[in-house]
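Let me begin by presenting the structure, written as structure tokens, before commenting on it.
Computed from a prediction, not measured in an experiment: that's the story for all the values here. Only this structure's heavy atoms are used, side chains among them; waters, hydrogens and symmetry mates stay out. Below, chain A is the first sequence line, B the second, and so on; all start at residue 1.
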Number of protein chains: 2
Amino acid sequence: MGMNEILKGKVKTLFETDNPEEVLIRYEDCVTAGNGQMIEYPKGKGTICCLMTAMLFEYLESNSIRTHFIDCPSLDTMRCKKLKIAPVEVICRNIAAGSIVKTTNITEGFLIQPPIVEFFLKDDSKNDPLLTPDRVRLMGIHTEPLIEKARNVNDLLQPLFLLCGIDLVDFKLEFGYDAHGDLFLADELSPDNMRLWSKDRTERFDKDLFRKGEGDIVEAYKVILTKLRQFV
Amino acid sequence: MGMNEILKGKVKTLFETDNPEEVLIRYEDCVTAGNGQMIEYPKGKGTICCLMTAMLFEYLESNSIRTHFIDCPSLDTMRCKKLKIAPVEVICRNIAAGSIVKTTNITEGFLIQPPIVEFFLKDDSKNDPLLTPDRVRLMGIHTEPLIEKARNVNDLLQPLFLLCGIDLVDFKLEFGYDAHGDLFLADELSPDNMRLWSKDRTERFDKDLFRKGEGDIVEAYKVILTKLRQFV
């Protein structure tokens with residue numbers, strides 16, 4: 001199978017295959033933060049994020065959420081449906097942390113009930129700015145299907161992590177459309193794009209460990225993978 | 001009447017008076033942009049912004065919009081009802097310009113139909129970030145009365161400026177609550193916090209002249225004041 005690089009992202013590389021309806025996504029041993037200003041290359045990180053994403057996408061698929069995931073031809077590579085990716089990041093928040101705390105007077109740890117869904121422009125050159133639902137609509141994107149799907153994903157993931165003794169604080173989703181305009185969950189689902197806190201809030205198991213220089217992310221991600229495997 | 005300074009803002013100074021339910025607002029001969037990074041002191045600017053605000057607030061009051069304005073004891077000073085100011089700036093947009101263009105892929109001049117109302121946190125230390133309606137609600141602020149009032153103001157101002165051959169592109173409002181919790185329009189209403197373009201889009205009459213170094217704002221603001229006086 002030929003592998004021609006289409007796109008080199010910050011931590012994943014996209015390849016085309018002999019099948020024009022599919023792509024391969026290779027998860028690199030790389031972690032970045034601050035729009036690429038911080039960067040490290042932890043060994044085994046690509047594999048663990050790929051495995052976690054595959055496991056969670058399979059779990060979501062078995063619960064009627066359509067994703068781009070097909071299978072894993074190797075431990076760090078996913079075969080996926082080729083999609084036209086929507087130019088927004090969709091964030092679902094259960095507990096206030098990260099950018100919402102920095103740019104409001106809402107304090108970290110505040111319980112967001114009901115959970116909210118937010119949109120950010122996927123544009124590194126503009127620093128991925130927050131969008132209002134009005135702005136998303138003015139960009140020609142229907143917000144309602146994205147909000148509904150993000151809520152469905154949250155309704156499935158939150159109880160799963162609770163079984164593991166973990167609070168799903170927030171997570172980022174990306175979506176794409178196939179040639180028929182049907183919506184699929186795309187990208188990745190790993191502690192690189194979720195915040196995971198122990199129920200007692202003494203430990204975190206996500207990329208904030210790297211952002212704050214507080215621990216080994218590969219070890220932390222492995223803890224999550226092991227816990228999840230008991231229940232998925 | 002005693003005048004004790006309560007608060008020195010970037011272009012206005014607030015004084016308390018002998019009446020605990022009132023304040024005086026003095027409009028300074030000062031203009032700033034970029035969160036205070038650009039600053040100039042154009043002579044006559046305080047007076048023209050004070051006069052324009054007084055005129056527009058009286059016009060809105062006569063159309064059932066409650067404002068904090070009482071009267072002008074001098075040309076650059078307004079006597080106002082003392083309010084507890086909401087910590088958000090409320091922006092109404094009819095045409096895309098400014099920050100919405102910088103932080104989305106919406107192009108300048110795009111007609112926003114229907115107009116949208118946006119919220120920004122009033123916090124210079126955080127650079128006045130955009131808020132979603134969800135974030136405003138999480139901050140404990142009821143968005144609906146603010147959105148409704150902003151739309152009402154737009155419905156009154158837009159046709160007034162059209163009579164003058166001017167497109168009201170966007171404008172910023174601030175609101176405050178009196179001791180009974182009743183909502184009033186507060187702050188200022190001048191080309192310092194609106195964008196005003198000639199219908200043919202060849203001229204602007206607002207603070208962007210200063211931001212972009214394209215002309216004399218006091219002269220431009222006087223053109224607007226003269227035009228408005230024909231109709232108010």
B:K84 atom NZ: more than 12 heavy-atom contacts under 6.0 Å: no
Report the option among B:V136, B:I116, B:I112 that has the most heavy-atom pairs separated by less than 4.5 Å from atoms of chain A. B:I116
With only heavy atoms counted, which part of A:V117 is less than 4.5 Å from chain B, the side chain, the backbone, both or neither? backbone
Distance from B:I100 atom CD1 to A:D134 atom CG, nearest 0.5 Å? 8.0 Å
Is there a side-chain contact between A:T103 and B:L121, using heavy atoms and a 4.5 Å cut-off? no
Enclosure of B:K10 NZ (heavy-atom neighbours >12, cutoff 6.0 Å): yes
For the NZ atom on B:K126, are there more than 12 heavy atoms of other groups (residues, nucleotides or ligands in this structure) within a distance under 6.0 Å? yes
So for A:T107, is it side chain, backbone, both, or neither that comes closer than 4.5 Å to the heavy atoms of chain B? neither
How close do A:I106 and B:M139 get, counting heavy atoms only, and between which atoms? CG1-CG, 3.9 Å
Do B:R135 and A:L130 touch side chain to side chain, with heavy atoms closer than 4.5 Å? yes
What do you reckon, is CD of A:Q37 surrounded by more than 12 foreign heavy atoms closer than 6.0 Å? no
Check each atom of A:F110 against the heavy atoms of chain B and say whether the ones under 4.5 Å are side chain, backbone, both or neither. side chain
For atom CD of B:E21, is the number of surrounding heavy atoms from other residues, nucleotides or ligands below 6.0 Å larger than 12? no
Pairwise side-chain contact, B:L138 with A:T104, heavy-atom cut-off 4.5 Å (strictly under): no
